[in-house]
2 protein chains.
Amino acid sequence: MPATSPPPPLLLADADCCIPLGVDPLDDDSAQQLAHAFKALADPVRLRLLSIIAAAPSGEVCACDLTAPVAKSQPTVSHHLKVLREAGLVASRKHGTWVHYRAVPEQLAALRQVLALDPVSAP
Amino acid sequence: MPATSPPPPLLLADADCCIPLGVDPLDDDSAQQLAHAFKALADPVRLRLLSIIAAAPSGEVCACDLTAPVAKSQPTVSHHLKVLREAGLVASRKHGTWVHYRAVPEQLAALRQVLALDPVSAP
DNA sequence: GCAGTCTATCCACATCTATCGATACATCCA
DNA sequence: TGGATGTATCGATAGATGTGGATAGACTGC
């Protein structure tokens with residue numbers, strides 16, 4: 001049923017949850033959002049998928065070219081891509097039968113900023 | 001039995017697994033190590049603990065002051081601190097009966113570097 | 001020594017998650 | 001229109017993980 005639309009990828013850049021860890025203790029809500037984002041990175045298959053996508057010269061990679069490098073089944077790769085998409089780390093674009101994935105630099109930058117200890121070292 | 005010593009915290013800075021994601025696709029071993037580190041960050045309680053430790057003015061926090069802020073039991077907090085310690089994100093120091101925890105900036109910097117897309121933006 | 005306190009470990013349990021076969025959906029082409 | 005292909009979803013299952021009570025170990029002060 002289309003009553004419940006798919007949850008939009010949470011954009012950390014828009015939230016107030018990206019204060020460097022060393023500056024202010026996290027409140028509970030921010031910690032929940034950040035944990036969700038880091039959870040998407042907490043799997044070797046997803047890290048490899050993200051690195052393949054991010055390192056692509058064209059900036060985009062067809063999903064059909066992602067199953068072989070990670071040596072997983074097509075449903076498994078699709079599941080991991082969904083997790084990365086819902087975490088806002090990648091974005092997808094339909095191109096006929098194929099789906100092309102690209103990295104979202106803003107989300108990666110937001111996570112980098114959180115891992116900083118002082119406010120100045122955050123780019 | 002003390003035959004098996006506790007595993008040392010894996011130091012990403014010493015490994016060759018900290019190449020920015022956008023530069024080179026990750027090999028399987030590097031992905032495993034990185035996933036282990038990000039897994040430590042993939043829990044809201046651990047993120048809050050790490051932020052409290054990293055934001056401490058003295059640079060250290062007694063474990064006895066960490067149970068109340070996160071509203072978890074002492075065994076649970078001890079477990080999460082162990083995960084952070086084994087991931088190399090915090091270090092501990094015994095001070096009599098108490099144990100003081102401090103953040104490990106090098107490990108956080110290594111993870112930040114991985115989340116970069118281009119080699120120059122890595123500090 | 002002994003009681004009290006702080007920390008880590010052990011154990012059990014509920015929940016979450018990665019994985020893959022089967023299948024549905026969407027699109028293209030003949 | 002029908003077959004082929006790429007992708008997403010469903011269902012089931014094995015393994016990982018968060019949580020806390022009970023308990024052991026370490027240290028302090030009396």
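In what follows, chains are A, B, ... by sequence order, proteins preceding strands, each numbered from 1.
If you take CD on A:Gln33 and CG on A:Asp28, they are separated by 11.0 Å, rounding to the nearest 0.5 Å. For the atom pair A:Asp27 CG and B:Ser51 OG, the distance stands at 9.0 Å (nearest 0.5 Å). In this structure, A:Leu50 CG and A:His80 NE2 are separated by 13.0 Å, a value rounded to the nearest 0.5 Å.
Annotation: side chain of B:Val114 is not in contact with side chain of B:Leu26 (no heavy-atom distance under 4.5 Å). Two residues are said to be in side-chain contact when any heavy atoms from C-beta on lie closer than 4.5 Å; B:Leu81 and B:Val99 fail this criterion. Between A:Leu115 and B:Leu41, the closest side-chain pair of non-hydrogen atoms falls below 4.5 Å. By the 4.5 Å heavy-atom criterion applied to side chains, A:Glu86 and A:Lys82 are counted as neighbours. A heavy-atom distance below 4.5 Å is found between the side chains of A:Ser78 and A:Gln74.
Regarding contacts with the backbone of D:dG18, a side-chain N or O of B:His79 is found under 4.0 angstrom from either OP1 or OP2.
Taking both residues in full, the closest heavy atoms of A:Gln107 and A:Ala87 are given as NE2-O, 2.8 Å, listed atom of the first, atom of the second, then distance. For the pair B:Ala40 and B:Leu89, the tightest heavy-atom approach, listed with the atom from each and the gap, is CB-CD1, 3.9 Å.
For A:Asp24, the side chain to side chain contact (heavy atoms under 4.5 Å, CB included) partners at least two apart in sequence or on another chain are A:Ile19.
For the helix from C:dG1-D:dC30 to C:dA30-D:dT1, the axis fitted to the five pairs at one end and the axis fitted to the five pairs at the other end meet at an angle of 20° (nearest 10 degrees).
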With sugar-phosphate taken as primed atoms, P, OP1 and OP2 and all else as base, the protein-contact string of nucleotides 20-30 of chain D at under 4.0 Å (heavy atoms; B, S, -) is BBB---SBS--
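As rounded to whole Å, 13 Å separates atom P of D:dT7 from atom NE2 of A:His95. Computed from coordinates, the A:Tyr101 OH to D:dG6 P distance equals 15 Å when rounded to whole Å.
With B:Arg48 as reference, B:Val70 is the one residue of B:Ile53, B:Asp43, B:Val70, B:Leu66 to meet the side chain to side chain contact (heavy atoms under 4.5 Å, CB included) rule.
Here chain A contacts DNA chain C (any atom closer than 4.0 Å to a heavy atom, that is under 4.0 Å), and the contacts span C:dT17 to C:dC28 from 5' to 3'.
For DNA chain D, the neighbouring residues in residues 42-66 of chain A, judged by any heavy atom under 4.0 Å, are A:Cys62, A:Ala63, A:Cys64.
For the ring pair (Phe, Tyr, Trp, His ring centres under 6.0 Å) condition, no pair includes a residue of residues 37-76 of chain B, sequence neighbours left out.
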